[in-house]
Amino acid sequence: MKKRGLNTICTHAGEIKDTQFGGAVSPIFMASSYPYMDVEVMRYPRYFNTPNQEALGNKIAALEHAEAGMPFASGMAAISTTLLAFLQKGDHVVFQNEIYGGAFNFVVEEFDKFGIDYTFTKGVSIADFECEIKPNTKVIYIETPSNPLLTITDIKAVADLAKKHNLVSMIDNTFASPVNQTPIDFGIDIVLHSATKYLGGHSDICAGAVVSKEAHVNTIFQKGKNLGGSISDFMCYLLERSIKTLGLRVAKHNENALAIAQYLESHKAVQKVYYPGLVSHPNHHLAKSQMKGFGGMLSFELMDGLDAHKFQKALKMIKPSLSLAGVESTILLPAETSHALMSKKARKEQGISDTLLRFSTGIEEVEDIIEDLELAFKKTNNK
Ligand SMILES: *Cc1c(COP(=O)(O)O)cnc(C)c1O
């Protein structure tokens with residue numbers, strides 16, 4: 001399927017033929033018990049190898065140009081299992097300074113118990129990564145575009161650095177989705193996803209995924225069957241269904257987000273906009289060189305004195321909500337949600353102010369989104 005076009009892969013890769021009735025979509029196989037005698041594979045849900053788990057893993061692998069893939073019950077199940085699969089007691093890992101809040105919490109709350117050492121970089125230049133590498137470093141972990149500041153990290157440079165030092169490179173590719181960015185093509189070893197976001201895309205699925213070469217996926221499987229973060233066949237089916245329209249959805253998210261970023265950038269109530277598609281973004285050229293589209297996520301800072309709560313409450317269509325990447329536009333304050341567990345000082349060091357708003361652009365008509373924002377700006381300005 002790799003040579004087929006994006007939307008063909010989205011529609012067909014991995015599908016299970018319905019040999020019984022010839023139906024057009026993959027059947028759901030709910031069995032948790034399969035034969036063990038005279039079989040090549042012993043199937044079991046926690047072995048990540050039921051027919052629907054395999055179909056979904058193959059679909060995501062095809063999208064990411066990877067050899068193999070494995071779906072999980074959540075993005076954090078994929079991330080925690082993968083990190084623990086490659087790190088032993090005494091090992092060290094270099095993390096990009098800005099990573100997803102849940103992944104950050106997992107590291108700072110759990111790694112000490114496993115005797116795993118870690119460092120967060122000071123910035124995202126290659127020198128920032130290289131200077132943190134120690135003799136016991138085993139893994140280098142990045143996230144680009146990052147949450148919530150949409151910082152862009154040079155994927156190929158990190159992959160090359162990892163190769164030079166014999167490290168396993170990992171990326172959280174959730175924000176870009178495989179439609180906009182395929183890090184395996186730049187030499188990254190392992191790609192992680194919260195499928196709760198763009199892959200699912202309708203704000204009704206919690207899932208995760210990892211893709212890589214076969215040998216690495218086997219290593220992750222060995223850890224996965226012990227930790228047990230497997231996904232149900234029904235969720236696999238829903239996700240397979242969602243991914244059929246991933247290419248179409250992300251194209252619309254990209255188009256809308258760019259228009260909204262430009263609208264916000266020229267708005268007098270807005271101080272600053274963070275979006276890699278804007279020419280004013282400090283790493284716009286790097287983003288252009290490694291992304292096919294700039295994604296649906298952006299953040300912005302209101303002018304001093306404007307109340308971010310009042311602004312959100314004045315929105316009629318756009319929902320102030322947790323999570324992101326649904327077909328509907330949503331908005332939130334990272335300082336009160338995804339980054340609430342971080343100290344104010346740590347947030348400030350990352351550049352996340354208490355009034356920074358993160359916007360997840362939906363696929364509604366862009367004029368309607370802008371109208372909703374415009375009315376809310378007007379209401380926030382009055383008294
Ligand atoms: C949501 C998210 C995760 C975690 O995924 P869950 O499905 O909530 O476990 C990881 N990384 C990024 C970038 C995310 O947005």
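Keep in mind the model is a prediction, meaning the values are calculated, not measured. Each ligand, and each atom within it, is numbered from 1 in the order the structure gives.
- Looking at Ser212, its side chain never comes within 3.5 Å of a backbone N or O of Val217 through a donor-acceptor pair.
- Looking at Glu143 next to ligand 1, no N or O pair under 3.5 Å apart turns up.
- If you number the atoms of ligand 1 from 1 as listed, the ones under 4.0 Å from a heavy atom of Lys197 come out as 1 (C), 2 (C), 3 (C), 14 (C), 15 (O).
- At least one heavy atom of Asp172 lies less than 4.0 angstrom from ligand 1.
- Residue contacts with ligand 1: Met76 is placed with a nitrogen or oxygen under 3.5 Å of a nitrogen or oxygen of the ligand (distance criterion only).
- Of all the atoms in ligand 1, the ones that sit under 4.0 Å from a non-hydrogen atom of Ser74 are 7 (O), 9 (O).
- With hydrogens and angles left out, the side-chain atoms of Glu64 and Asn173 include a donor and acceptor closer than 3.5 Å.
- Within ligand 1, counting atoms from 1 as listed, the ones closer than 4.0 Å to a heavy atom of Thr196 are 6 (P), 7 (O).
- Polar contact check, Phe175 against ligand 1: no nitrogen or oxygen pair lies under 3.5 Å apart.
- With respect to Ser26, the side-chain hydrogen bond (donor to acceptor under 3.5 Å, both in side chains) criterion is satisfied by exactly one of Arg241, Lys59, Glu240: Glu240.
- A cation-pi geometry, defined here as NZ or CZ lying under 6.0 Å from the six-membered ring centre and within 45° of its normal, does not hold between Lys313 and Phe311.
- Considering backbone and side-chain N/O of Asn147, none are found under 3.5 Å from N/O of ligand 1.
- Considering only non-hydrogen protein atoms, atom 5 (O) of ligand 1 sits nearest to Ser194 OG, 2.9 Å.
- Between Lys138 and Asp91 a salt bridge is recorded (basic side-chain N to carboxylate O distance below 4.0 Å).
- For Phe72 and Phe48, the gap between ring centers is short of 6.0 Å.
- In the displayed structure, Tyr47 atom OH is contacted under 6.0 Å by at most 12 heavy atoms of other residues, nucleotides or ligands.
- Only the backbone of Ala207 comes within 4.0 Å of ligand 1, counting heavy atoms alone; no side-chain atom from C-beta on gets that close.
- By the criterion of a heavy-atom distance under 4.0 Å, the side chain of Ile79, and not its backbone, is placed next to ligand 1.
- Side-chain atoms of Asp128 and Ser125 include a donor-acceptor pair closer than 3.5 Å.
- Protein heavy atom nearest atom 4 (C) of ligand 1, with residue, atom name and distance: Tyr100 CE2, 3.3 Å.
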